[in-house]
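The structure appears right after this line, and notes come after that.
These values consider heavy atoms only, across backbone and side chains, with no hydrogens, waters or symmetry-generated copies. The sequence lines fix the lettering, A, B, ..., with proteins before strands; numbering per chain opens at 1.
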There are 2 protein chains.
Amino acid sequence: MATTEPTSPSVTLEEIARVAGVSPSTVSRILNGTVRVSPAKREAVEQAIAQFNYRPNVLARSLASGKTNTIGVLTQTIASPFYAEWLRGIEDALYEPGFTPVFVSSRWNVTEECSRIEQFIARRVDGIIILHGQLDESRLEEFSRQTPIVVLGRSLEDGPTLAGFPIDNVQGAFDATRHLIAEGHRKIAFIAGPTSHTDALERLVGYRMALEEAGIGFDAIRVEQGDFLEAGGVAAMERLFERGVGFTAVFCANDQTAYGARLVLHRRGLRVPEDISIVGFDDVPTSQYATPPLTTVRQPIYDIGRQAAGAIVRLIRKEPVTLSAFPLSLIVRETTCAPGRVEPIVDFTS
Amino acid sequence: MATTEPTSPSVTLEEIARVAGVSPSTVSRILNGTVRVSPAKREAVEQAIAQFNYRPNVLARSLASGKTNTIGVLTQTIASPFYAEWLRGIEDALYEPGFTPVFVSSRWNVTEECSRIEQFIARRVDGIIILHGQLDESRLEEFSRQTPIVVLGRSLEDGPTLAGFPIDNVQGAFDATRHLIAEGHRKIAFIAGPTSHTDALERLVGYRMALEEAGIGFDAIRVEQGDFLEAGGVAAMERLFERGVGFTAVFCANDQTAYGARLVLHRRGLRVPEDISIVGFDDVPTSQYATPPLTTVRQPIYDIGRQAAGAIVRLIRKEPVTLSAFPLSLIVRETTCAPGRVEPIVDFTS
DNA sequence: TTGTACGCGTTATCAT
DNA sequence: ATGATAACGCGTACAA
C-alpha cells in the first residue's frame, strides 16, 4: 500500500532498482527524464520511490554530472536592508531555473572575500555572484576562468565568463542634489560614505557636479565622512554642527546614513523638512515608512538582484548576457522642501 | 619555482600524488592531518599543491566521508531586519567550527517550508536550523530522525536530535505593557501580529495579563490586527482611529509594526511620546536610530542565533545541548512617557 | 610510515 | 528500451 516506510536513513538508487526489479540506470533515467522507459517499469520504480520515500543524493549526483546547480553569492554582510534586498531578488529569480544560492558574507574584508571565493570554487558552484566586492579586476578575471562570475555594482571589462553591472551613482547623486537646489537650497551639506567604496566616491562626484552646474561651487567644509551606517550618520552630523558651518539641507550617501543624521537633527530640536531638508540614497524598503517618509534616490534593488541571477544563469549556459542599465530615480517624499524663512544655524562661512 | 600554473580547471588529488611521487592516500592524509607523514613527502606534496593551486573537491570529499560540513538554515524571509540578525549570528558562530550555512527562505509558506527541508536532506546537510517555522511537531520529529534539527522560537519536546529554543514572549509583552501602565496609561491599544504566528499570540497574552493584573481589564476594541510589517502597522492604526476608540498608548507586536503605527500618528499631527506613547518588540538594530528612538522589548537576536549554531553543532557531535533561556528586557528609550494632559482623541468607550 | 583496493551514490557510455 | 560497466574525486580499512 501507500504506507510510507519509517523513512530509513538513506535509501539509495540501487536499492530502489532492486526493489523495482530494474537496473540502476533505468531508475536514473526515470529520475532525470533522459529517455523514455516502458510504463510498466516506470510504474514499479515510482512506487518503490514513494514507498521508501527515496530522495536522490545531491552530492553523488553533482559529482557524477559535474553540475551542482548551486550559485555562490558573496555579500559584504547579510544583515543590511540594502544587501538583503539584493539577496531576496537573487534567491527568487534563481528558484525557477532550479539553482540554489549559497549566501556568504565577507564582512567588508578583502582577505575573507578572496578565501570565500576559493571556497565557492572548491564547492564547485556553477557560478558566482559578487555584490560589490573589493577584489581588483585582475583577480576577478582569474577566478572567472574557473567559474562564471557576475559582479553587481561595478563596471568591468566583460568577458565570456565575467560580467559587471555598474550602477549610475553619479547620475543619482546629481539628481538628488539638483532637486535640493531646485527647491532653493544653496548651502547643502553632504555626508559621504567610506572612501574605500566606489559607490561612495561616485556619489560625492555627483553631488559636486550638481553644485558646480548651479554655480554654487563645491566647498569641502560642508562634506563629512560617514560609514554607510546609522552610527556614521550620527557622528558626521554632529561634526557638521560642531564645525559651525551653515546649511539648510543634507544629502546623505545612503538611507542608513540619513537615518542617523535625522536623529541628530531631532535631538537638536530641528524639524525635518521645515528647518533642514534631507535626502538619502538607495530607497531601502523601510524608507517609505520613516517618519517622515524619506526623500531618496531609488535603486530598483530587488530587480537588480533578479537580473544578476538571470545573468549568471545565462553565463553558465554560455548564452550572451545583455547588461541593461538600471535606471535610478529620485523619489520625492517628505523630508525635503524649500529652505525655511529663518536660517537656523549660525553661519560662519558667508 | 613558485610560479603558480594557470590554475587548471580541476586538478585532482590523484594528479598531485603523481607529481609529488607519492600515493593518493598520502596526499589525503596530509590534507586531513590524519596521521604523520615523513617531512620529505609532505614537502613534495605541499609544493605540488601550491604549484597547481590545488583545492580538494568538496563534493567528492563529502560523498566519501559522509559529512558535508553544511547546515541548512530555513528562514521565513531573508530580507527582514529581524531574521537577518539571526542569520548573522548563525553565520558568525558556524564559521569557527568550520560549517557553512545554507540560507533558504520559505516565504511564510508551509508547503515550501516542507519541501525546503526535504531539499536540505537531499543535500545531506549535517544539520538544520529552523527559524520559527510552522511545521507541526510530529513532522519535525520525523525529519529530525534523518538529520539533527534546532528550532528557534518554539518550545519543543526535545530529543537526541531535536531541540527547540522558546522565547518568552508572554513575559516580554507583559513587561512592556506594565511599563506603560506604570507611566500612568490606562487606555492602551495593541496592534497584534498574524494570528498564525505563535509569537504574536503569546504577545497578546502578555499584554492582556498585564492589563488584568492592573485591574484595567482587557477590551478587544483596543486590539487591532497587524502583520508584523510596517504596512500592517499603518493599516491597523488607521482602523483604530476610525473606530474612534480612545487610547494614550500603543503597544505593537513588533518594531516594524511600531514604525507603521508611528507614521500614522505623525500624519495625524500627533506627537510621540507627548500625545501618544508607543512601544515595540524585538529591538531590531535600527530601532535605536529611529526618530525618536523606539522604546521596545529587546531580544538578543544575534546571540540567540549564535546559540542556535552552537546547539546544532553539539547535536551533530551527539553532545548534550543545554538550552538556556533568552532573557528579554525592556529598553526604555524615547517613545514613551506619562500620558498627556489632554485626551487627544474622542473617546466613545468611557 | 606508506601504498592498494574498495566504497560513497550517481551519471554516462557503451553494448544489447 | 534496457542493462552492464566505467567514471566522478576522495576517504579509509587493510595490508605491507
Worksheet item: For the side chain of A:S38, counting heavy atoms from C-beta on, which of D:dA1, D:dA4, C:dC8 is nearest?
Response: D:dA1

Worksheet entry | B:E15 CD to D:dG9 P, straight-line distance once rounded to whole Å | 8 Å

Worksheet item: Separation of B:R18 atom CZ from C:dG3 atom C1', in whole Å?
Response: 16 Å

Fill in: C:dT11 phosphate, OP1 or OP2, under 4.0 Å from A:K67 side-chain N/O
no

Item to complete: Take the C1' atoms of the five end pairs on each side of the helix from C:dT1-D:dA16 to C:dT16-D:dA1, derive the two axes, and give their angle rounded to 10 degrees.
Response: 40°

Worksheet item: Is there a donor-acceptor pair closer than 3.5 Å between any side-chain N or O of B:T147 and the backbone N or O of B:D126?
Response: yes

Worksheet item: Can you tell me if CD on A:E137 sees more than 12 non-hydrogen neighbours from other groups inside 6.0 Å?
Response: yes

Discussion item. I need the B:Q146 CD to B:E142 CD distance, nearest 0.5 Å.
Written reply: 8.0 Å

Discussion item. What is the separation between atom CZ on B:R36 and atom C1' on C:dG3, rounded to the nearest whole Å?
Written reply: 19 Å

Practice prompt. Starting at the 5' end of nucleotides 10-16 of chain D, put B wherever the base has a protein heavy atom under 4.0 Å, S where only the sugar-phosphate does, and a dash everywhere else.
Written response: BSB----

Discussion item. Measuring to OP1 and OP2 of C:dT2, would you say a side-chain N or O of B:T26 lies under 4.0 angstrom away?
Written reply: no

Worksheet item: Which atoms form the tightest heavy-atom contact between B:G133 and B:E113, and what is the distance?
Response: CA-OE2, 3.1 Å

Worksheet item: Counting only heavy atoms not in B:E96, do more than 12 fall under 6.0 Å of its CD?
Response: yes

Worksheet item: Any chance the side chains of B:R123 and A:T70 put a donor and an acceptor closer than 3.5 Å?
Response: yes

Item to complete: Could you pull out the closest heavy-atom pair between B:I71 and B:I129, with the gap in Å?
Response: CG2-CG1, 4.0 Å

Practice prompt. Output all residues satisfying salt bridge (charged side-chain N to carboxylate O under 4.0 Å, His left out) with B:D303, sequence neighbours left out; order by chain, then residue number.
Written response: none

Discussion item. Distance check needed: C:dA12 C1' versus A:I30 CD1, whole Å only.
Written reply: 17 Å

